[in-house]
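Ligands are counted one by one from 1 in listed order, and the atoms in each one are counted from 1 as well.
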Amino acid sequence: MAQKIDGKEVSLFIKDRVKADTNELKTMTGIVPGLAVILVGSDSASQIYVRNKKQACEYCGFYSESYELPEDTTQEQLLELIDALNKSEKIDGILVQMPLPKHINPQTIIECILPEKDVDAFNFVNVGRIMLGEYNFLPCTPAGVMELLKYYKIDACGKECVVVGRSNIVGKPMAMLLLHENATVTVCHSKTSDLPAVTRRADILVSAVGKPGFITADMIKPGAVVIDVGINRMPNGKICGDVDFNEAEKIASFITPVPGGVGPMTIAMLMQNTLTSAKLKLKRRN
Ligand code: GUN
């Protein structure tokens, strides 16, 4: 039986570290890290994420602002809000919850956020920095996966790592971070021929597809580490990942459950990025 990777435990470990560092920063400099979260529309999953982010800010001792804007908010209105937050001394991180309504161009919005406040690390400058390994922030979900590996002392160096999914938010940066750890990385996607043959090579298999039950036991090498980034809502309202967990845990050495695996890590890393941004602001001042 695989060992379950406990994302709640690791996320708490990270948030406690952020909380302690924030306290120290406040005492030494008076600076309080500030995060603004913007949600456009009333997607229920997104509302929950935004609420969780607000709670995490309170836990860590951050200042936070949250904006829940109506579905018919125009792109110009959203850009104006971001412009004001870019100028706000209190705000170190700006997060616009994705997906946005269809009439708003997400990349236009992302590029309007100052790179030093882009705590998602989605804009051109931050993506480019990650490619070169010269970054201040890492995108929260792949960074959270790397923290899980580190906590469980799973070394990616020299390993065969297979990432299934090539999104800009998860798959592509995930591949890059594993590469920075000197893994041999393969990225698979919907056009990959004989996907099971490729995934069976993986010592570390990361799935970020968004399809329940997509990764079956026959696609997993015995003893592999299985990281499930999928968050899928089933018709009965339950959340499940991409991996057939019950069968996979019989084969893998380590496995992340859904919920309670990668999910909590995303928010913990957002807190870490916001703290980093506040510290960099101080550095620029001095
Ligand atoms: N929607 C799903 N994941 C994310 C994320 O990491 N950041 C933002 N801004 N929106 C998301």
Side-chain angles (χ1 to χ4, degrees), residues 7 11 14-15 35-57 64-69 71 73 75 78-79 81-82 85-86 91-102 104-127 130 135 137-148 163 165-174 176-177 206-211 227-233 239 241-242 256 258-259 261-274 276-277:
S11 70
I14 299 216
K15 282 190 289 186
L35 177 69
V37 178
I38 307 172
L39 170 64
V40 185
S42 53
D43 179 70
S44 61
S46 292
Q47 279 173 335
I48 295 169
Y49 296 147
V50 169
R51 210 168 306 145
N52 288 343
K53 284 165 189 164
K54 205 173 156 187
Q55 269 174 12
C57 282
S64 78
E65 293 180 11
S66 53
Y67 297 87
E68 302 205 7
L69 308 178
E71 180 83 22
T73 302
Q75 183 159 303
L78 185 53
L79 290 172
L81 172 59
I82 293 170
L85 294 168
N86 277 339
I91 296 298
D92 299 293
I94 303 170
L95 180 137
V96 180
Q97 187 66 36
M98 303 291 165
L100 285 165
K102 297 233 167 355
I104 298 177
N105 182 317
Q107 204 62 38
T108 304
I109 298 302
I110 288 165
E111 295 313 321
C112 171
I113 300 171
L114 281 177
E116 54 267 37
K117 295 194 180 190
D118 172 35
V119 283
D120 264 323
F122 286 172
N123 78 21
F124 293 151
V125 171
N126 288 318
V127 173
I130 291 157
Y135 46 78
F137 313 122
L138 291 173
C140 302
T141 301
V145 172
M146 297 313 287
E147 288 292 336
L148 288 176
V163 179
R166 56 174 156 182
S167 70
N168 291 333
I169 293 183
V170 182
K172 285 183 202 168
M174 188 74 249
M176 201 52 61
L177 300 194
V206 181
S207 180
V209 175
K211 288 185 185 157
I227 306 287
D228 191 347
V229 184
I231 298 179
N232 309 296
R233 192 175 289 274
I239 300 289
D242 293 342
T256 60
V258 178
V262 176
M265 294 303 295
T266 301
I267 292 185
M269 301 320 289
L270 176 67
M271 298 300 114
Q272 182 158 313
N273 283 351
T274 306
T276 300
S277 176

* **Under 3.5 Å donor-acceptor, S277 side chain and N273 backbone** => no
* Any side chain to side chain donor-acceptor pair (under 3.5 Å) pairs touching residues 35-45, not counting sequence neighbours? -> D43-S46
* Got a donor-acceptor contact below 3.5 angstrom from the D228 side chain to the G230 backbone? -> yes
* Asked: Do I38 and Q97 come within less than 4.5 Å of each other through their side chains, counting heavy atoms only?
  -> no
* To do: Taking only heavy atoms of the protein into account, state which residues are under 4.0 angstrom from an atom of ligand 1, in chain and number order.
  => L95, V96, Q97, M98, D120, F122
* Return the set of residues passing side-chain hydrogen bond (donor to acceptor under 3.5 Å, both in side chains) with K15 (not counting sequence neighbours), or none when no residue passes. => none
Identify all side-chain donor-acceptor contacts of residues 108-115 below 3.5 Å with residues at least two apart in sequence or on another chain.
unit_1, atom_1, unit_2, atom_2, d
T108, OG1, N105, OD1, 3.4
E111, OE1, F124, N, 3.3
E111, OE2, Q107, NE2, 2.6
E111, OE2, F124, N, 3.1

